[in-house]
Amino acid sequence: MKVAKEWRLGSMGDTKILPGSRHRSPLKRPIWIILMVSFVSLFLVCAYIYPPNSDVACYVFSSRGCKVLTDWLPPPKRELTDEEIISRVVVRDILDTPPVESKNPKIAFMFLTPGSLPFEKLWDMFFRGNEGRFSVYIHASKEKPVHVSPYFLNREIHSSPVTWGAFSMVDAERRLLAYALKDPDNQHFILLSDSCIPLHNFDYVYNYLMHANMSFIDCFVDPGPHGNGRYSTRMLPEVEEKDFRKGAQWFTMRRQHALLVMADSLYYSRFRDYCRPYADGKNCIADEHYLPTFFNLVDPGGIANWSVTRVDWSERKWHPKSYRAQDVTYDLLRNFTSIDMTTHITSNAGGEELLQPCIWNGTRRPCYLFARKFYPETLDKLVTLLNF
């Protein structure tokens with residue numbers, strides 16, 4: 001029996017000397033692969049030069065005329081304009097800067113009115129005993145108001161004429177914010193009209209707003225003619241239709257958000273130039289779109305998407321429901337203060353109702369602190385029923 005010999009590294013005894021290399025025939029080239037590659041290349045070149053138009057062909061050819069394949073791909077990111085870069089830097093710095101702590105935080109009540117305030121007596125009852133916790137600012141666009149409450153004396157700011165539906169309404173809102181921001185103690189800002197009334201006492205309103213972690217700015221998508229139908233492509237590239245929003249103008253906002261509005265020039269200019277009544281054949285109302293769209297773009301998570309001012313659009317007219325003296329009852333006011341779902345009605349055919357629970361700091365709570373539109377004749381009944 002033969003025994004296998006152990007192989008050792010460096011051992012020459014068992015080394016076999018291989019014979020010299022023999023001549024080998026050249027390897028056979030894979031002709032069929034070359035032919036296949038050539039055929040496919042020719043196929044693709046033809047497809048590029050003569051693109052097919054059918055949807056089925058999109059799965060075979062690289063087509064410039066087909067969108068089936070490209071629809072699967074994410075849209076390419078566009079390069080930001082210089083104005084957008086500047087805007088984003090300013091927005092980031094304002095939002096990232098901790099708010100200045102005030103030893104005496106106040107709420108700024110900003111009244112947008114053509115003249116005298118018919119519910120000044122009611123607001124006097126509301127403010128009484130809370131001196132030092134609020135500020136009052138009045139933008140009277142037509143005539144100097146006559147006052148009955150000391151809280152409103154000499155509180156008018158420099159005002160300019162305001163036309164309903166025109167961009168002058170946005171300018172008036174910004175003017176009120178600018179004056180109110182001059183007081184560093186003002187931490188929350190409320191826009192009110194001459195037909196607005198308070199629904200709760202001052203303490204309730206103060207705690208609701210000052211302890212909220214958001215601003216209450218109305219904001220929703222309206223695909224109808226009085227929503228996205230007002231959008232102009234001339235706002236591109238900064239404002240795309242998918243970002244266009246609608247909402248009531250009656251906001252309350254934190255100081256950081258008020259500063260953002262003051263610092264904005266980019267989106268302000270787009271709406272000033274391209275969101276006007278009958279511009280480009282569209283009846284765009286800037287005060288219904290500028291702030292909702294602006295905050296949807298710069299800080300969508302910082303707003304509640306509803307207004308704390310109750311407005312009834314259920315009649316689906318150009319203006320909301322108004323209340324006469326005979327309409328004002330205890331049950332009406334109690335109903336306003338118990339609503340915990342906000343309703344938006346779109347302007348498309350049939351008017352879809354969009355319901356949203358009112359979430360305050362993660363908890364569902366009643367939505368409304370104020371209400372409109374009330375005729376002056378309701379004052380005496382409101383004074384009796386509310387009795388702050």
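To the nearest 0.5 Å, atoms CG (Leu354) and OG1 (Thr342) are separated by 10.0 Å. Atom CG of Leu191 sits about 11.0 Å away from atom CZ of Phe370, to the nearest 0.5 Å. Between the CD atom of Glu241 and the OG1 atom of Thr293 there is a distance of 11.0 Å, given to the nearest 0.5 Å. For the atom pair CG (Leu260) and CD1 (Ile94), the distance works out to 4.5 Å, reported to the nearest 0.5 Å. To the nearest 0.5 Å, the span separating CD on Glu143 from OG on Ser116 amounts to 6.0 Å. Atom CG in Asn154 sits 9.5 Å away from atom CD1 in Ile138 (nearest 0.5 Å).
One N or O on the side chain of Asn186 and one on the backbone of Ala180 form a donor-acceptor pair closer than 3.5 Å. A donor-acceptor distance shorter than 3.5 angstrom exists from the side chain of Trp360 to the backbone of Tyr208, with no hydrogens or angles considered. Checking side-chain atoms of Arg276 against main-chain N and O of Lys282 turns up no donor-acceptor pair under 3.5 Å. At least one donor-acceptor pair closer than 3.5 Å links the side chain of Ser159 to the backbone N or O of Ala140. Of the possible polar contacts, none joining the Arg364 side chain to the Ile359 backbone as a donor-acceptor pair under 3.5 Å is found. Of the possible polar contacts, one joining the Ser347 side chain to the His226 backbone as a donor-acceptor pair under 3.5 Å is found.
At least one test fails for Arg255 against the ring of Phe189: distance under 6.0 Å to the centre or angle within 45° of the axis. At least one cation-pi condition fails for Arg272 and Phe167: the charged atom is not both under 6.0 angstrom from the six-membered ring centre and inside a 45 degree cone around its axis. Under the 6.0 Å distance and 45° angle rule, Arg174 counts as a cation-pi partner of Tyr268.
With no hydrogens or angles considered, a side-chain donor-acceptor pair links His344 and Asp218 at under 3.5 Å. Side-chain polar atoms of Arg254 and Ser215 form no donor-acceptor pair below 3.5 angstrom. Donor-acceptor pairing under 3.5 Å is lacking for the side chains of Asn361 and Thr363. Side-chain atoms of Glu84 and Thr81 form a donor-acceptor pair, as typed in the model, at a separation below 3.5 Å.
More than 12 heavy atoms of other residues, nucleotides or ligands shown are found within 6.0 angstrom of CD on Gln326. Remark: Glu131 CD is packed, more than 12 non-hydrogen atoms of other residues, nucleotides or ligands lying under 6.0 Å away. Taking a 6.0 Å sphere around NZ of Lys142, one finds it holds 12 or fewer heavy atoms contributed by other residues, nucleotides or ligands. More than 12 heavy atoms of other residues, nucleotides or ligands lie within 6.0 Å of OH in Tyr204, so this atom counts as buried by the packing criterion. Surrounding CG of Asp82 are at most 12 heavy atoms belonging to other residues, nucleotides or ligands under 6.0 Å away. Annotation: Lys121, atom NZ; neighbour count of heavy atoms from other residues, nucleotides and ligands within 6.0 Å does not exceed 12.
Partner of Phe111 under the ring-ring contact (aromatic ring centres under 6.0 Å, His included) criterion, out of Tyr151, Trp250, Trp123: Trp123 alone. Checked options Glu173, Glu288, His289; the residue passing with Gln249 is Glu173 (criterion: side-chain hydrogen bond (donor to acceptor under 3.5 Å, both in side chains)).
Between Arg365 and Asp340 there is no salt bridge, since none of the side-chain N atoms of the basic residue sits less than 4.0 Å from a carboxylate O of the acidic one. Salt bridge status for Arg175 with Asp171: absent, with no side-chain N to carboxylate O gap under 4.0 Å. One finds a salt bridge joining Lys246 and Asp222 here, because a Lys/Arg side-chain nitrogen approaches an Asp/Glu carboxylate oxygen to under 4.0 Å. Here Arg334 pairs with Asp331 in a salt bridge; the nearest charged N to carboxylate O distance falls below 4.0 Å. Taking a cutoff of 4.0 Å between a charged side-chain nitrogen and a carboxylate oxygen, Glu83 and Arg88 do not qualify as a salt bridge.
By the 4.5 Å heavy-atom criterion applied to side chains, Leu369 and Leu209 are counted as neighbours. Contact check for Phe251 versus Leu291: side-chain heavy atoms found under the 4.5 Å cut-off. Residues Val162 and His139 are in side-chain contact: their nearest non-hydrogen atoms beyond the backbone lie under 4.5 Å apart. Under the 4.5 Å side-chain criterion, counting only non-hydrogen atoms from C-beta, Tyr368 is not in contact with Phe336. In this structure, Ser135 and Ile107 have side chains that are not in contact, with every pair of non-hydrogen atoms separated by 4.5 Å or more. At least one side-chain heavy atom of Asp194 sits less than 4.5 Å from a side-chain heavy atom of Pro118. Residues Tyr137 and Asp183 are in side-chain contact: their nearest non-hydrogen atoms beyond the backbone lie under 4.5 Å apart. Using a 4.5 Å cut-off on side-chain heavy atoms (C-beta onward), Phe271 and Val170 make no contact.
At a threshold of 4.5 Å between side-chain heavy atoms, the hydrophobic network of Ile, Leu, Val, Met, Phe, Trp and Tyr places Ile285 and Tyr274 in two separate groups. The hydrophobic clustering, which links ILVMFWY residues whose side-chain heavy atoms are closer than 4.5 Å, places Phe216 and Ile339 together. A chain of hydrophobic side-chain contacts below 4.5 Å, direct or via other Ile, Leu, Val, Met, Phe, Trp or Tyr residues, connects Leu266 to Met262. Using a 4.5 Å cut-off between side-chain heavy atoms of Ile, Leu, Val, Met, Phe, Trp and Tyr, with links allowed through other members, Leu192 and Met125 fall into the same hydrophobic cluster. One hydrophobic cluster, built from ILVMFWY side chains closer than 4.5 Å, cannot hold both Tyr375 and Leu122; they sit in different ones.
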Under the side-chain contact (heavy atoms from CB on, under 4.5 Å) rule, what do Gln187 and Gln256 come out as? Steps first, then yes or no, please. CA-CA 9 Å; Gln187 298 298 305; Gln256 281 180 311; over 6 Å; no
Evaluate Phe202 against Val205 for side-chain contact (heavy atoms from CB on, under 4.5 Å), listing each step before the verdict. CA-CA 5 Å; Phe202 185 89; Val205 171; 5.8 Å; no
Mind running salt bridge (charged side-chain N to carboxylate O under 4.0 Å, His left out) on Asp203 and Arg133 for me, showing each step along the way? CA-CA 10 Å; Asp203 280 339; Arg133 303 172 73 194; 2.8 Å; yes
Check step by step if side-chain contact (heavy atoms from CB on, under 4.5 Å) holds for Tyr231 and Leu236. CA-CA 10 Å; Tyr231 171 77; Leu236 290 170; 3.3 Å; yes
Start with the C-alpha distance between Ser102 and Asn104, add both sets of side-chain angles, then the distance that settles side-chain hydrogen bond (donor to acceptor under 3.5 Å, both in side chains), and finish with yes or no. CA-CA 5 Å; Ser102 170; Asn104 183 37; over 6 Å; no
Kindly determine whether Ile197 and Arg372 satisfy side-chain contact (heavy atoms from CB on, under 4.5 Å), including the steps that lead there. CA-CA 7 Å; Ile197 65 164; Arg372 62 184 306 264; over 6 Å; no
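Scanning both residues, Gly302 and His257, for their nearest heavy atoms gives O-CE1, 3.3 Å. When all heavy atoms are compared, the tightest approach of Val90 to Ala263 is CG1-CB, 3.8 Å.
Relative ring orientation between Phe126 and Phe388 is described as perpendicular, the plane-to-plane angle rising above 60° on a 0-90° scale split at 30° and 60°. Ring pair Phe134/Phe127 is parallel by interplanar angle, where below 30° counts as parallel and above 60° as perpendicular.
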